[in-house]
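In the text below, chain A, chain B and the rest are named by the order of the sequence lines, each starting its count at 1.
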Amino acid sequence: MPETTRPRLLLLDGHSLAYRAFFALPVENFSTATGQNTNAVYGFTSMLVNVLRDEQPTHVAVAFDVSRQTFRTEEYSEYKAKRNKTPGEFSSQLPLIERMLTSFSIPFLKVPGYEADDIIATLVTQALADETSGLEVLILTGDRDSIQLVTDRSTVLYPMRGVSDLSRMTPAFVEEKYGVPPHRYPELAAIVGEQSDNLPGVPGVGAGFAAKWINTYDGLDNVIAQADKITGKKGEAFREHLGDVIRNRRLNALVRDLDLGVTIDDLALKEWDRSSALELLDELEFRGELRTRILDVVAPGEDVQVEAGVELDGTTLTADAVAPWLDKIGDATVGLAVRGAWGSGTGRVDGLALALADGRAAYVDVATMSAADDAAVAAWLADPTRPKVLHDAKGPLLALAAQGWRLAGVVEDTALAAYLVAPDQRSYDLADLTLRYLHRELSQAQDPDQGELLFDDGDDQGGIATSAMVQARAALDLSAELADEVEKAGGHRLLTAVELPLVGILAGMEQTGIAIDVDHLEGLQAHFGEEVRAEAQKAYEVIGQEINLGSPKQLQVVLFDELNMPKTKRTKTGYTTDADALQGLFKQTEHPFLLHLLRHREVIRLRQTIEGLLKTVQPDGRIHTTFHQTIAATGRLSSTEPNLQNIPVRTEEGRRIRESFVVGSGYASLMTADYSQIEMRIMAHLSEDELLIEAFRSGRDFHAETAARVFDVAPDAVTPEMRAKIKAMNYGLAYGLSAFGLSQQLGIEPGEASGLMTEYFETFGGIRDYLTGVVDEARRTGFTETIMGRRRYLPDLTSDNRMRREAAERMALNAPIQGSAADLIKVAMLHTDAALKDAGLASRMLLQVHDELVFEVADGEQDALEALVREQMAGAADLTVPLDVSVGTGRSWHEAAH
DNA sequence: ATTGTCACG
DNA sequence: ACGTACGTGACAATG
């Protein structure tokens with residue numbers, strides 16, 4: 001005989017559970033790419049799903065508070081008044097919880113003027129009224145008021161700590177824990193008070209005494225009636241606070257007869273809306289364990305595989321089969337994945353995987369290709385009319401180039417698309433994106449036993465062909481999905497007109513590399529190495545011991561314990577020993593150790609830089625850096641292995657390293673071209689500040705011009721000090737400067753810095769208005785935007801954490817400026833590259849350093865190149881101020897400085 | 001793996 | 001009262 005399912009009603013207090021989850025789970029760990037916080041949704045959903053799984057209810061409902069205004073606040077305005085203002089990070093998650101419930105087909109109820117507790121109390125009362133139904137009730141809540149609802153047919157599940165441990169409150173449990181039966185719990189709470197509701201109780205009376213009184217006198221009413229019989233201090237306090245107790249009792253009584261317009265039958269569990277549930281899980285970026293747990297409960301047996309069911313009709317092409325296959329697919333858009341390796345401007349191709357939207361896919365093993373195959377592949381790759389989609393195309397591009405294949409017709413790079421949609425991500429791994437946007441497990445689908453991959457994989461032993469084809473298909477499907485997202489984020493033009501075409505240019509620059517004078521670099525290495533040794537020796541002599549000068553920990557012992565120097569600014573683990581602090585200490589103590597230490601730092605750093613560079617010189621005598629297009633959230637490029645964007649320049653000694661970056665054989669010289677004050681010019685353009693625009697249009701010394709305005713003197717009366725102050729101010733502006741930061745920078749008093757800022761903003765009111773406007777708008781829309789429409793999402797602008805909020809505000813000030821500059825030089829690179837090709841010049845672009853481009857100049861092209869580069873860089877955008885470009889030429893990067 | 005320090009724009 | 005400018009990458013020391 002089949003077991004009859006006992007009817008069980010599960011009631012949840014949505015508000016209190018979500019609120020608990022919000023504080024239990026660190027918000028940093030739970031937010032989406034676009035900055036939506038999800039910790040409360042996550043915690044609530046997790047609790048809900050666990051209870052659904054463990055308790056198997058037949059009926060479910062969730063109750064919410066509508067607002068803080070209820071009949072209780074009407075009656076007692078201080079009710080819950082001590083609670084902090086509900087954080088925006090919390091409120092924004094409530095609609096998501098409601099959507100989650102809707103997709104689970106679980107009804108949620110709200111009644112204006114009443115709390116979630118009252119709704120639950122009403123439902124419990126209804127459910128228990130019908131004794132024949134045998135309905136059992138479970139109440140999941142984070143609010144202790146519900147304890148009064150516990151009976152032998154209704155149990156409260158109360159989260160103990162965090163969101164995982166539930167305490168099962170049966171009548172016996174309540175009696176054991178509080179010393180009173182459940183229906184008397186509110187009487188006890190009335191005496192003891194409830195801090196979270198801002199209901200003060202009787203001072204000095206705890207749960208123990210309260211329970212004793214209630215039991216002795218048989219209920220609170222009798223305790224009150226015979227209050228004068230209670231002796232001692234506690235009795236006195238009780239009589240004194242009788243009013244509070246009576247009020248508490250009135251307020252903590254739950255309303256049990258609301259008109260909800262639903263019956264218990266309406267709460268029966270229904271079919272889940274699987275597709276909208278999945279969609280929401282993706283939107284919230286819930287993957288991994290919770291996702292699985294939800295799907296297990298929501299749609300048992302219909303796990304991700306259903307979603308991952310990508311049917312691939314794949315084949316590993318044998319010799320001479322490539323050309324016919326490529327012919328068959330015509331000009332369909334193809335997902336392309338390259339197997340091989342790449343880096344340092346070169347690479348190797350082992351195989352190519354192609355996938356089409358209709359399921360066809362092929363893998364070409366380069367090792368077994370015939371000459372005809374090679375030609376067919378080469379032609380297809382190079383044909384711009386045969387559209388291809390790749391993930392992170394720059395590496396494959398280099399590998400293909402090393403194979404002698406040119407790649408054209410790349411209509412989408414899914415890494416770049418995902419970056420434009422959410423530029424703050426740490427990585428844009430294909431598997432992550434596939435899961436986030438396609439609801440598919442790349443790794444799972446790779447396994448032919450689990451996925452639904454239907455193809456003859458022939459001698460594909462390691463599944464290399466399979467996984468490559470699956471990735472090719474994933475890239476293709478992703479491009480379709482991301483196209484919408486990019487469109488929504490307004491990034492379509494940026495993607496197709498800037499980022500995508502830039503890929504090839506960057507690949508070319510990496511491939512070309514920059515020539516290095518290794519002998520010179522080795523000479524410098526020996527030179528600085530000797531000084532490192534000598535300076536360390538002197539440092540050891542002064543303190544009479546040999547410590548590791550590179551260890552902040554050992555330095556702190558020497559400086560602060562042994563030499564008893566004043567403590568510097570704190571770091572997480574101790575006191576800072578950075579150069580600024582050491583200089584400060586030297587001013588106070590004049591201890592020679594500090595000078596040797598500082599000098600040691602300086603030269604060891606130079607030596608390290610040199611050694612790092614030497615290690616990366618390739619057999620061709622050149623360094624081939626890797627440029628990254630999806631790292632910096634502002635839109636800038638970054639450079640690694642080695643980083644050629646932070647080669648020393650500020651000191652004469654450091655600049656000697658730049659002497660080692662030289663013109664390669666067969667070329668005449670290096671040329672650098674950089675924008676002057678690009679960020680301030682963008683500031684002038686965006687702020688439309690008349691005076692600032694005028695300062696730039698005058699063509700005279702910008703910092704001096706602005707200083708003259710601020711100090712209200714003639715331009716020729718500006719002293720070097722005045723200029724230095726305003727220069728620091730000008731630079732600081734785009735960083736969201738503070739009086740403190742400015743004072744540190746200039747070594748002046750914060751008060752003076754603050755006065756300087758006031759003067760500055762009075763002079764350049766347009767800048768002040770612009771800056772406040774940027775932050776306001778970003779707070780409203782959730783993102784900032786550059787001249788080209790590049791977005792950066794800054795959810796922390798509404799954070800309750802002051803540090804986080806202010807940090808986000810500074811990012812909001814900086815992102816449009818730094819990002820627009822990045823847009824501009826990228827456009828300049830595209831135009832310059834095109835113009836070089838147009839003009840048939842042999843000169844080539846080697847490096848980009850944010851506002852500077854470095855070129856290798858071919859013989860006889862010096863003047864033509866300079867004119868071309870100036871024109872393209874200055875014309876990259878039409879701003880209200882001119883773009884000034886300064887150019888220099890020489891044998892080395894050092895000489896090419898201007 | 002994280003922290004401190006320091007190089008660049 | 002508190003910590004302080006934006007964006008990166010490399011290296012050594014240390015947990």
Side-chain angles (χ1 to χ4, degrees), chain A residues 423-424 547-556 568-582 597-598 600-613 615-616 625-628 630-651 653-655 657-658 674-679 683 728-746 750 753-754 757 771 784 792 794 801-819 821-822 825 847-853 893:
Chain A
D424 274 285
I547 62 160
N548 183 347
L549 296 173
S551 162
K553 205 179 154 197
Q554 294 181 38
L555 279 176
Q556 285 172 49
T568 54
K569 211 174 53 172
R570 276 216 70 107
T571 64
K572 275 181 192 161
T573 55
Y575 299 94
T576 184
T577 65
D578 68 19
D580 251 17
L582 295 180
L597 177 58
L598 278 164
H600 180 263
R601 283 251 179 96
E602 200 173 353
V603 286
I604 204 167
R605 172 100 185 154
L606 290 168
R607 195 194 63 183
Q608 267 169 211
T609 303
I610 291 163
E611 285 171 353
L613 288 173
K615 274 185 228 157
T616 64
T625 187
T626 301
F627 288 107
H628 298 271
T630 59
I631 299 292
T634 52
R636 273 191 178 178
L637 299 179
S638 81
S639 155
T640 62
E641 287 180 283
N643 181 356
L644 293 187
Q645 292 179 322
N646 72 344
I647 302 303
V649 72
R650 288 170 190 171
T651 68
E653 274 181 325
R655 282 196 289 273
I657 295 178
R658 293 190 172 218
D674 62 50
Y675 284 118
S676 351
Q677 294 115 15
I678 179 84
E679 297 199 342
M683 176 86 81
M729 186 75 220
N730 283 331
Y731 277 113
L733 279 177
Y735 299 158
L737 94 174
S738 63
F740 183 87
L742 186 61
S743 72
Q744 287 284 298
Q745 185 68 38
L746 287 168
S754 165
M757 284 174 64
L771 292 174
T784 61
R792 178 170 187 187
L794 294 166
N801 179 323
R802 206 197 55 167
M803 292 251 285
R804 290 174 72 99
R805 188 178 62 248
E806 289 181 346
E809 285 167 359
R810 293 192 296 268
M811 292 178 209
L813 293 174
N814 176 256
I817 307 285
Q818 190 182 116
I825 195 161
L847 302 176
Q848 187 250 46
V849 191
H850 310 308
D851 64 355
E852 170 187 11
L853 296 175
W893 198 358

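Of the side-chain N and O atoms in A:R650, one or more sit less than 4.0 angstrom from OP1 or OP2 of B:dC8. Side-chain nitrogen and oxygen atoms of A:R636 include none within less than 4.0 Å of the OP1 or OP2 phosphate oxygen of C:dT8. Taking 4.0 angstrom as the limit, A:R601 places a side-chain polar atom (N or O) nearer than this to OP1 or OP2 of B:dC6.
Backbone-only contact: A:A633 has heavy atoms under 4.0 Å from sugar-phosphate atoms and none from a base. Contacts of A:S738 with the nucleic acid, taken as non-hydrogen atoms under 4.0 Å apart, include base atoms. Within 4.0 Å (heavy atoms only), A:R792 reaches sugar-phosphate atoms of the nucleic acid but no base atom. Residue contacts shown for A:R802 include a base, since a base heavy atom lies under 4.0 Å away.
Taking atom CE on A:M803 and atom C1' on C:dT4, their separation rounds to 9 Å, with Å as the unit. Residue A:M811 contributes atom CE, which lies 14 Å from atom P of C:dT4 at whole-angstrom precision. Rounded to whole Å, the distance from CD on A:E809 to P on C:dG3 is 18 Å. Nucleotide C:dT4 holds its P atom 16 Å from the CD atom of A:Q745, rounded to whole Å. Between the P atom of B:dG9 and the OH atom of A:Y735 lies a distance of 10 Å, rounded to the nearest Å. Across the protein-nucleic acid pair, A:K569 atom NZ and C:dC2 atom P stand 15 Å apart, rounded to whole Å. Residue A:E653 contributes atom CD, which lies 15 Å from atom C1' of B:dC6 at whole-angstrom precision. Between the CD1 atom of A:I817 and the P atom of C:dA5 there is a distance of 19 Å, given to the nearest Å.
Closest to the side chain of A:P648, from the set C:dG3, C:dC6, B:dC8, is B:dC8.
Here the side chain of A:T576 pairs no donor or acceptor atom with the backbone of A:K569 at under 3.5 angstrom.
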Checklist entry - When you check every protein heavy atom under 4.0 Å of nucleotides 9-15 of chain C, what one-letter string (B, S, -) results, 5' to 3'? => result BSSSSSS
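For the contact set between residues 572-580 of chain A and DNA chain B, defined by any heavy atom under 4.0 Å, the members are A:K572, A:T573, A:T576, A:T577, A:D578, A:A579.
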